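The next block holds one structure in the form of structure tokens; read it before the comments.
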Amino acid sequence: MFAKSKSSSSSSQFQLTNPIRNFCDIGKQTATAGPEHIWRIYDAYRKEDGKEVSVFFFDKRSVEKLHKPKRKEIVTEILRYGARELQRFSHPKILQVYKVEECPETLAFASEPVLASLANVLASQDQQELNRQNLSQSNRPCYVKDYDLLEIEIKYGLLQITEALLFLHNSCHLRILHRNVCPSNIIITKRGTWKLAGFEFIKVINKIPFEIKPWTSSKSKMAQPNLDYLAPETQQKELIDSFASDMYSLGMTMCAIFNHGRPLIQANHNYSEYLRQIENLDDQVELFLPSVTFALREAVQRLLQKDVNLRPTAQVLSMIKYFRDPLVHAFQFLDVSKLKDISQKEHFYTTTLKEFLPYVPKKLLYQHIWWYLRAELQTQEVLSAVLQPILYIIEKSTKEEFEKIIFPTLRPLFLNRKSINGTVIMLENLHVILKKTPEEYIDSEVLKMLYNSFENSTIQVQTAACIAVTKVTDYINDDAIKTIILPKILQAFDNKTVDECELVKVIYCILNRLEKQRIIDYVLPLLSRVNLQEPEIVVRVVNIYTLMLTDKKYGLSVNWMATRALPSLLPQTVNPGLNLDQFVALFQVLQEMLNHIERNQRNKLTLDNLSLPSPDRFRTFRHQHSTDNMHVPPFNIPNLRIDQRKTSSAEDMARKNSMTEPDRTASAENMARKNSIMSNFGGWFASTVNDSNFLKVHNAFTSRRLSDNTLMTPKIRVAPSCASSPGGTPGGGLPIRRHSTQERRGSTINLSPPTGGGMPITSSSVPYLLSSSMNSIRGSRRPSVSSTSSQQGLLHQVGNSMYQFFNRQTDA
């Protein structure tokens, strides 16, 4: 897996001689750790399963410079003890060790993947600070790791170390004092978690107080704890009665984190210098506190107290406000997720983690959270829950990040069987994955999963496949749409395995990718069978018809609109489930269809009329019977002179003129009887007789019935057939009835037979009659209503005149 490291001949020799090489393939060195950074850390992969690990190497020959063989054995023994003790413990906050191997030249153990020690990272910060201050480089034998610590990393890392100490001090079956809490023994894994290591100097406490040997210059510094982080009481007292010394070391580690990797005490392995600086510790703490995060200042100040009783315990420290961060709690859950049941995991991945992901820095998304999510993908029970935060990470990732980090983990999911819920989640979010997927894997792996999902017997999976098609249509080629998608949709519609609403939505998305004939053969018949009851289905069908109406390429004919589309859509106009917008959309498409039908039929019928022969053979008959070509003799009304007329209509006058002499006599007798009766009601009528035996009716009405008409006497030509009709005039003329809204005209009507002074009744007298009558009509306008003095007693005068006239006629 890794090429053998060729940085030095000794490194290659380590790998060849130590039995650890049978356990894993070893790569290059990446970090250091332990007392004086004596452990060299290498990247490696386990041979049995290919999982990533790290290998810690100790070269026994590196301590030969001590010039004391006995010291060499002491150092080797201490490191061997520490590795064995780490292997014994299994705790999420303690570095996990898989295998320990030793040979005459080296000591090695394999652990979980390690990024670096905290000392490596802080050394990089120290180096950057020295460069800014233009100072010489520190002589620390530290493998510098360029790694920027985020605030949330520091917060969570310190909490992890606090929990590790809490486990050692109280929770472990043996109460253990670590004795060497310092940055070189805090390991940052490749997941970004901080793990406590360096168990070379641990002490099991069986009773309190307990004895601790102080640091001394007579021993090798590799065989003793780091002097800069040791608590004052361990140097000044022989008997210790608490675990507060570890808490002091943790407080000094906090100072190093916020002080560019340098602790407040820098004795440089000189015990006297250490004692001198310890005397001024309180003052140094006061000067340094402003550099510490505000929420952590009180805790640092108390941890560095010389009085052990003032220092907080690991349990108290873990509950301070500084660590009450939702992201910190989310990270804590991930660290112990293996201990949680399925329901707890599902709730965490679908709700808690999903809510916090927007606030997690991208660095931690891939370094910390992704590691746990990737491991959970192997568990079918929580696959659907884990996919939800993974899809969020995919959406926020760059294409390069997706290809290198995420896609290699997802590839097996496209080809292997998954849980039903997991498959549904992937299908519904397939468009998110396809945006970042390399082109060479789109058809062969990702879309292949989509096509296979249509064959799944589970309704949920088939429905999710339909939803996926509507979102990834642009990634599917035309052949796949015609040969795979459309047949599967038709099959699902026939089998009624998928909701019609989703099927109609798929049809809308692939419509513009189908040929006209396929639309006519498959899509239109499907639309006619859709159950248009749900408002959502109605709207989607309306959307399809709206799209079809935009272009003839979709094959929506006028005949189909009239016979299939309109009959199915019209009843939905009274669907109570439609809201206003939905109704408007439906009505608009109906109107558009009707407009298409109207234009088509109007054009068609116009063309049909133009193509028929001209109907000339009927023109002669129509022209012959036209009123413009009918000639009739003029009619005359005997003994009639029209001055004014106010009491009788044109029809009554025509009827009187058409009477013969005997009829006229009988009519006069009837009139006399009527007048006699009318005179008995108070003398409403008065008579006036003019000369020449003519009766003149004067315009003396103060009010006039609107239904009365004026007799018009223009030249009228009447068909011969009308002369014999009932009510016709002797001359064959037709009376004209004027509408009541026309202007009234007075008339003087002569109803008596001609005398010696009268006008002879001949056809030549008619023009004169007509002319004089018209002039009389024009000249005698109806007087204004204000002339009421000349209109008094009109009915009375007319009645008496008619009575005297008819009496004279009778005497004659």
Side-chain angles (χ1 to χ4, degrees), residues 46 49 51-54 86 89-98 111-115 150 152-153 155-167 171-172 187-197 318-319 323-394 396-397 405-406 408-410 412-413 418-419 421-422 425-426:
R46 199 158 56 185
D49 55 9
K51 288 186 176 181
E52 188 177 7
V53 295
S54 290
L86 273 178
F89 288 95
S90 178
H91 190 269
K93 313 303 179 183
I94 297 175
L95 183 67
Q96 186 176 3
V97 175
Y98 302 129
S111 72
E112 59 185 306
V114 169
L115 178 68
L150 303 175
I152 186 64
E153 287 183 279
K155 183 182 296 186
Y156 181 52
L158 291 175
L159 179 60
Q160 288 176 305
I161 301 304
T162 302
E163 291 177 346
L165 292 176
L166 177 62
F167 170 74
S171 301
C172 185
I187 305 299
I188 301 176
T189 67
K190 289 191 174 180
R191 289 177 289 170
T193 57
W194 292 15
K195 301 293 184 76
L196 185 61
S318 64
M319 294 186 293
F323 297 124
R324 296 175 190 172
D325 190 315
L327 288 180
V328 170
H329 293 319
F331 292 153
Q332 283 182 303
F333 185 94
L334 290 173
D335 287 341
V336 296
S337 59
K338 291 182 179 180
L339 306 177
K340 304 295 183 179
D341 57 34
I342 294 177
S343 61
Q344 290 175 321
K345 289 182 179 181
E346 288 181 345
H347 180 268
F348 174 77
Y349 291 130
T350 55
T351 57
T352 307
L353 183 59
K354 200 172 179 182
E355 292 176 0
F356 293 147
L357 280 179
Y359 307 100
V360 178
K362 181 175 286 190
K363 170 187 173 183
L364 297 182
L365 281 179
Y366 297 115
Q367 184 181 14
H368 186 76
I369 296 179
W370 174 249
W371 192 91
Y372 290 101
L373 297 180
R374 182 179 62 183
E376 292 287 6
L377 285 177
Q378 310 302 323
T379 307
Q380 294 294 327
E381 290 79 8
V382 294
L383 176 61
S384 60
V386 174
L387 280 174
Q388 296 189 32
I390 287 179
L391 289 167
Y392 175 84
I393 296 176
I394 293 173
K396 298 300 180 180
S397 65
I405 302 174
I406 303 175
T409 304
L410 291 182
L413 296 180
K418 301 168 285 297
S419 65
N421 291 336
I425 293 294
M426 289 194 69

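Model, not experiment: these values are computed from the prediction.
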Could you pull out the closest heavy-atom pair between [X] and [Y], with the gap in Å?
| X | Y | answer |
| --- | --- | --- |
| K155 | F323 | O-CE2, 3.3 Å |
| F356 | P326 | CZ-CB, 3.2 Å |
| V53 | S111 | CB-O, 3.3 Å |

Next on the checklist: Is there a side chain to side chain contact (heavy atoms under 4.5 Å, CB included) between K93 and L196? Walk through the geometry before answering.
Outcome noted: CA-CA 6 Å; K93 313 303 179 183; L196 185 61; over 6 Å; no
Next on the checklist: Just verifying a value: how many Å separate I369 CD1 and Y349 OH, rounded to the nearest 0.5 Å?
Outcome noted: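 So the gap between those two atoms works out to 10.0 Å.
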Checklist entry - Do other residues, nucleotides or ligands put more than 12 heavy atoms under 6.0 Å from the NZ atom of K363? => result yes
Checklist entry - In terms of heavy-atom contacts, does NZ of K338 have more than 12 from other residues, nucleotides or ligands at under 6.0 Å? => result no
Next on the checklist: Closer than 4.0 angstrom, basic N to acidic O: yes or no for E112 and K195?
Outcome noted: yes
Next on the checklist: So, using side chain to side chain contact (heavy atoms under 4.5 Å, CB included) as the criterion, who are the partners of Q332 when residues are at least two apart?
Outcome noted: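 Here the qualifying residues are Y156, L159, E163, V328, H329.
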Has [X] got a side-chain atom pairing as donor or acceptor with [Y]'s backbone, closer than 3.5 angstrom?
| X | Y | result |
| --- | --- | --- |
| S54 | V114 | yes |
| T193 | T189 | no |
| K190 | W371 | no |

Checklist entry - How about S343 and D341: does a side-chain donor come under 3.5 Å of a side-chain acceptor? => result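 Yes, a side-chain donor-acceptor pair sits under 3.5 Å.
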Item to check | Pairwise side-chain contact, F333 with T352, heavy-atom cut-off 4.5 Å (strictly under) | outcome: no
Next on the checklist: Go through it in stages, so that I can follow the logic: the residues are L387 and L373, the test is side chain to side chain contact (heavy atoms under 4.5 Å, CB included), and I'd like the CA-CA distance, side-chain angles, deciding distance and then a yes or no.
Outcome noted: CA-CA 8 Å; L387 280 174; L373 297 180; over 6 Å; no
